[in-house]
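All values derive from a computational prediction rather than experimental measurement. All values below come from the heavy atoms of this structure, side chains included, with hydrogens, waters and symmetry mates left out. Letters A, B, ... are given to chains in the order of the sequence lines, protein chains preceding strands, and every chain is numbered from 1.
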Amino acid sequence: MTNREIAKTLEKVADILQIKEENTFKIRAYRKAAESIYHLDENLTVLYEQNKIGDIPGVGKTVTGHIEEMIEKGSLAYYEELLEEVPYGVLEMLAIPGLGHKTAKIIYENLGIDNIEDLLKAVEDKQIRELPRLGSKSEYNIKKGIELLKESYGRANLGVALPMAEEFIKYLDVIEGIEEAVIVGSARRGKPQVSDIDILVASNDFAVAKANIINYQAINKIETIEDNRVSGRLTYNVEFEIILVKPADFIYNLVWTTGNHTFRDKLLGAKDPDEFKNIPDEGSLFDLLNMEFIPPELREDEGEIELAKSYDLPELVTEQDLKGDLHIHSNWSDGACSIEEMTDACRDLGYNYMAITDHSKSLHISSGLNEERLRAEGELIDKLNSQREDFTILKGIEVDILKKGELDFSDEVLQELDLVVASIHSNFKLDVDKQTDRLLTAMKNKHVNIIGHLTGRLLNRRPAYELHMDKILDGAVKNKVVLEINSHPDRLDVDEVIARHASLYGIKLAINSDAHHTRDLLNRKFGVLSARRGWLTADDVINTWDITKLRKYLDNKVK
DNA sequence: GCCGTTTTCGGCCCGACTGTTTTCAGTCG
């Protein structure tokens, strides 16, 4: 079993214990162990061989035994026993927003419902409102929750789909019958969510290629095998489709299958595919069309074809352009790593600077810093900075924006910092006017440099809160506030549409990782893809600038 | 169930919102 599968099993154990209303600290212990394993750098099997499972923080004697059993047998008897009492379908119901362990228990015990389909039927039969502590509003919310959940069934976040696609490519690269394999479709365009993974394969022998493709171990189910196509489902039910073409037709099909439908029809619909046989790369195809190469992320028919014809496309920002990260957590609040570890990881990425932006005091759940701890953290940062000439740690905070737009720290505290990221972490359901005013009020504070994850969306989990975006962009311009593209694949917020608008307004953006662990720094890949989809250049993104230019911009904010 | 330069036993994370309520339980971040 992989680390991820083991973590997931422990998480499910915690869920069942919670439904059974066992000791809350025992439940928390299982969750903590699961979390710890989920974020583990080392492979558990390797630690097992070195007899070091027990060294993992939060993993004691009992859980060590569980993990060893899962590695040895591929399953956990304790979990199987628990499932006898609480069926797996009841655990799946927990994915419905607003439906927690207590409610799941009430529904299961009173109505015997143990899957989402039956739950939906009970909602429609108005059975839920009859249960203790539940009424018609809860019933309605459950219905809405199930609808939201079902929408997400057919869509995978890029953070899940892209690594799976890359693994698949690794397999395709070494099997017989395949000359070349690349990711195409919406995953190649970097869309935050994809309906499936599309892969284009060049092959001289489709029969051999197909016979080998279907042996890929991560395939859960093959749905169709046609002449030049194989489709089915991978782990986590993610759909895939493999399209086979002859090597001579590869580049034409690469362009044909990468862009969205209107793009490809507009670009190639009137062309004879044979005109593009045996060309070496995509650049040659665009040359033959007398236009500039269009990066995959732009191939959406949003004006890029016209600009490519006049060789006027913007030069999009790249990962290599980034010189720092301006939203990073450490173990002073809810991060997993020390400031020193985050510094080393940023230096390894070639960065020249980073901002430590831990949470502020109101966010108790994330161990937000009070004034005193913030000052102490600043002293440590001063000390670390004095030891290094070539790297700068900016003293920052991710300060909570409170209900009416006031900030969690006074101006006196904020003015001591190099950088202030202000974010909303509560009261998501204010009406659109109040929520807009709240953010505008926060932006007016002279110390606020960046608004973190502007709309608060969590892909497949929580919709964005509503805002009058024109007013927000206006406020950002007037107050010289930078908007963040949060690179976490569950957020990618602001999105490409807002990013493109913002840059047209003259607003600067920051591609931030919001890292809570050194490995999260690599999420920048997703942030950069989103920025490119928003047509951003390096100059639009403040963390591509050198530290001098960046500091000057930040200092200019304070009037 | 985990953990320990105050503890091998007795602590562990809490405040706000929502929906169901006449005083609070459940969910979420």
Side-chain angles (χ1 to χ4, degrees), chain A residues 9-11 13-37 53-69 76 78-79 82 93-109 128-145 148 329 331 333-335 358-370 373 398 400-404 406 408 423-431 434-435 438 452-453 456-458 461-463 465 486 488 490-491 493 514 516:
Chain A
T9 305
L10 294 172
E11 189 64 42
V13 167
D15 278 338
I16 298 179
L17 295 177
Q18 198 168 348
I19 289 172
K20 281 162 53 77
E21 298 183 318
E22 293 218 10
N23 181 298
T24 53
F25 299 109
K26 181 173 168 181
I27 296 162
R28 192 181 299 165
Y30 272 100
R31 287 204 199 286
K32 198 177 168 219
E35 176 84 357
S36 206
I37 286 158
I53 301 277
D55 294 350
I56 302 166
V59 175
K61 228 173 171 178
T62 307
V63 177
T64 298
H66 288 338
I67 295 172
E68 287 173 350
E69 184 183 333
L76 178 64
Y78 178 53
Y79 175 50
L82 288 172
M93 285 162 34
L94 298 173
I96 299 165
L99 196 159
H101 300 82
K102 288 279 173 76
T103 312
K105 180 187 168 83
I106 291 172
I107 292 171
Y108 175 55
E109 288 187 345
I128 300 301
R129 62 180 67 185
E130 304 300 329
L131 296 174
R133 299 201 190 291
L134 294 169
S136 56
K137 260 194 174 159
S138 306
E139 196 174 71
Y140 176 76
N141 286 340
I142 289 173
K143 184 172 169 8
K144 283 280 149 203
L148 190 74
H329 295 273
N331 56 7
S333 66
D334 62 347
D358 276 310
H359 288 291
S360 61
K361 59 188 177 188
S362 282
L363 214 58
H364 303 279
I365 185 87
S366 302
S367 314
L369 304 180
N370 58 22
R373 298 243 310 142
E398 182 179 14
D400 249 58
I401 301 175
L402 307 178
K403 192 168 181 179
K404 293 193 170 149
E406 64 275 42
D408 203 11
S423 310
I424 285 178
H425 293 108
S426 61
N427 295 295
F428 303 113
K429 290 182 177 168
L430 294 186
D431 73 52
K434 282 193 181 138
Q435 198 69 283
R438 178 188 189 187
H453 44 75
R457 75 170 181 186
L458 291 174
R461 275 191 287 159
R462 186 175 74 203
Y465 31 82
N486 190 297
H488 195 289
D490 290 347
R491 292 190 180 271
D493 168 24
D514 196 357
H516 286 70

**Prompt:** Would you call the rings of A:H516 and A:H329 parallel, tilted or perpendicular, where under 30° means parallel and over 60° means perpendicular?
**Reply:** parallel

**Request:** Could you tell me how the ring of A:Y465 sits relative to the ring of A:F428: parallel (under 30°), tilted (30 to 60°) or perpendicular (over 60°)?
**Result:**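 Ring orientation of A:Y465 relative to A:F428: parallel.
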
**Nearest-nucleotide 5' precedence on DNA chain B, A:N141 against A:V63** =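 Mapping each residue to its closest nucleotide by heavy atoms, the 5'-most match is A:V63.
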
**Item:** A:V59 or A:K403, whichever maps to the more 5' nucleotide of DNA chain B
**Value:** A:V59

**Message:** With heavy-atom distances below 4.5 Å as the criterion, would you say the side chains of A:L94 and A:H101 are in contact?
**Reply:** yes

**Side-chain heavy-atom pair A:H488, A:H453 within 4.5 angstrom cut-off** = no

When the [atom1] atoms of [M] and [N] are compared, how many Å lie between them, rounded to an integer?
{"N": "B:dC13", "M": "B:dC28", "atom1": "C1'", "result": "13 Å"}
{"N": "B:dG1", "M": "B:dT5", "atom1": "C1'", "result": "24 Å"}
{"N": "B:dT21", "M": "B:dT27", "atom1": "P", "result": "15 Å"}
{"N": "B:dT8", "M": "B:dG4", "atom1": "P", "result": "13 Å"}
{"N": "B:dA16", "M": "B:dC12", "atom1": "C1'", "result": "22 Å"}
{"N": "B:dT20", "M": "B:dC14", "atom1": "P", "result": "28 Å"}
{"N": "B:dT18", "M": "B:dT23", "atom1": "C1'", "result": "15 Å"}

**Item:** Nucleotide opposite B:dG19 in a Watson-Crick or G-U pair, distances under 3.5 Å
**Value:** B:dC24

**Request:** Walking along DNA chain B from 5' to 3', note the first and the last nucleotide with an atom under 4.0 Å from a heavy atom of chain A, and give both.
**Result:** B:dG1 to B:dG29

Hey, does [X] reach any base, or is it just sugar-phosphate, or nothing, if we go heavy atoms under 4.0 Å?
{"X": "A:L363", "answer": "nothing"}
{"X": "A:T24", "answer": "nothing"}
{"X": "A:S426", "answer": "nothing"}
{"X": "A:S36", "answer": "nothing"}

**Asked** Please walk me through it: do A:K404 and A:E406 pass salt bridge (Lys or Arg N to Asp or Glu O under 4.0 Å)?
**Response** CA-CA 6 Å; A:K404 293 193 170 149; A:E406 64 275 42; over 6 Å; no

**Message:** Could you check whether any side-chain N or O of A:S366 sits under 3.5 Å from a backbone N or O of A:D334, counting only pairs where one atom can act as donor and the other as acceptor?
**Reply:** no

**Prompt:** Can you name the one residue among A:L17, A:L76, A:D15 that meets side chain to side chain contact (heavy atoms under 4.5 Å, CB included) with A:L82?
**Reply:** A:L17

